[in-house]
Amino acid sequence: MTTLTGDEDLMRQCLAEAAAAAALGEVPVGALVVVDGRIVGRGGNQPIRRCDPTAHAEIVALRAAATAIGNYRLVGATLVVTLEPCAMCVGALMHARVERVVFGCADPKAGALGGRFDLAAQAGFNHSLRVTGGVLAGAAREQLQAFFRARRGTAPPLA
């Protein structure tokens, strides 16, 4: 199991992935997939560049991890991401059989692990996720708010 200190170290790497996405004009969200203590997938938001509404950081990282290990099932994996995942991403995490999700700041508008609603708490799914939220939340929130301030002149309300 990854320790909180380990989660924070991984989140710092996610923040760097998010910064790289922002430099390309994407919303700054970064993600990593870790299996057996090794990073096997990285991703930053890419929907604008790829003209792909599914190219969220989590999906990009999941695809990279699946390719790296040669299996779409990521049993035992941890996904670390700067922003609470949306419903699409939580669905992908469940289908990939990711064991654990660590996120930075909550997303009260679209978060699907407690922000807007909590898919992990819903009964009836054939897979469950262990969730740790709030890891370096302030840094993740500030990164998003700074991006939107620069882009729009205001910051979105993030919890």
Side-chain angles (χ1 to χ4, degrees), residues 1-35 39-50 52-65 74 77-96 98-122 125 128-159:
M1 178 196 240
T2 307
T3 65
L4 183 56
T5 302
D7 289 348
E8 290 173 355
D9 291 341
L10 292 167
M11 187 62 70
R12 284 183 189 87
Q13 292 185 56
C14 287
L15 290 166
E17 293 290 331
L24 297 171
E26 300 282 357
V27 173
V29 178
L32 301 173
V33 176
V34 180
V35 176
I39 296 170
V40 296
R42 294 177 179 272
N45 262 0
Q46 299 179 23
I48 297 167
R49 272 191 21 236
R50 289 190 180 186
D52 178 358
T54 70
H56 290 192
E58 300 94 316
I59 303 297
V60 173
L62 287 172
R63 287 175 178 156
L74 301 172
T78 295
L79 177 108
V80 184
V81 61
T82 57
L83 179 65
E84 178 186 355
C86 70
M88 174 187 71
C89 292
V90 171
L93 293 164
M94 288 184 178
H95 283 288
V98 167
E99 180 179 323
R100 183 169 177 249
V101 177
V102 176
F103 67 85
C105 63
D107 184 350
K109 290 186 177 182
L113 292 176
R116 178 76 174 160
F117 49 90
D118 191 350
L119 289 176
Q122 298 297 311
F125 288 114
S128 61
L129 299 167
R130 290 188 304 121
V131 179
T132 302
V135 177
L136 299 182
R141 183 182 311 105
E142 177 52 35
Q143 189 177 48
L144 283 160
Q145 288 176 338
F147 175 83
F148 285 108
R149 275 194 303 269
R151 183 183 239 188
R152 298 185 183 135
T154 62
L158 291 173

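Not measured: the values here are computed from a predicted model. Positions are given from 1 along the sequence.
- Applying the side chain to side chain contact (heavy atoms under 4.5 Å, CB included) test to Ala55 and every residue at least two apart in sequence or in another chain returns Gln46, Pro47, Arg50, Asp52, Val60.
- Looking at Thr78, its side chain never comes within 3.5 Å of a backbone N or O of Val34 through a donor-acceptor pair.
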When you look at Val81 and Cys14, which way does the side chain to side chain contact (heavy atoms under 4.5 Å, CB included) test go after all the steps? CA-CA 6 Å; Val81 61; Cys14 287; 5.6 Å; no
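- Residues Arg42 and Gln13 form a side-chain contact, since some pair of their non-hydrogen atoms from C-beta on lies under 4.5 Å apart.
- In Arg116, the CZ atom is not crowded: 12 or fewer heavy atoms of neighbouring residues, nucleotides or ligands sit closer than 6.0 Å.
- Counting only heavy atoms from C-beta outward, the side chains of Cys86 and Asp107 never approach each other to under 4.5 Å.
- Of the possible polar contacts, one joining the Glu84 side chain to the Gly115 backbone as a donor-acceptor pair under 3.5 Å is found.
- In this structure, the side chains of Val102 and Leu10 stay at 4.5 Å or more apart for every pair of heavy atoms.
- You'll find the side chain of Val98 reaches within 4.5 Å of the side chain of Leu62, heavy atoms only.
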Step-by-step side chain to side chain contact (heavy atoms under 4.5 Å, CB included) determination, Arg100 to Thr132: CA-CA 8 Å; Arg100 183 169 177 249; Thr132 302; 3.1 Å; yes
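- Of the inter-residue distances, the one linking Glu8 atom CD with Leu15 atom CG reads 11.0 Å to the nearest 0.5 angstrom.
- Put simply, the side chain of Leu144 reaches to within 4.5 Å of the side chain of Pro28, judged on heavy atoms.
- Checked for salt-bridge contact, Glu142 and Arg149 meet the test: a charged N lies under 4.0 Å from a carboxylate O.
- A distance-only check finds a donor-acceptor pair linking the side chain of Asn45 to the backbone of Val27 [under 3.5 Å].
- For Gly41 against Ala64, the heavy-atom pair with the smallest separation is CA-CB, 3.9 Å.
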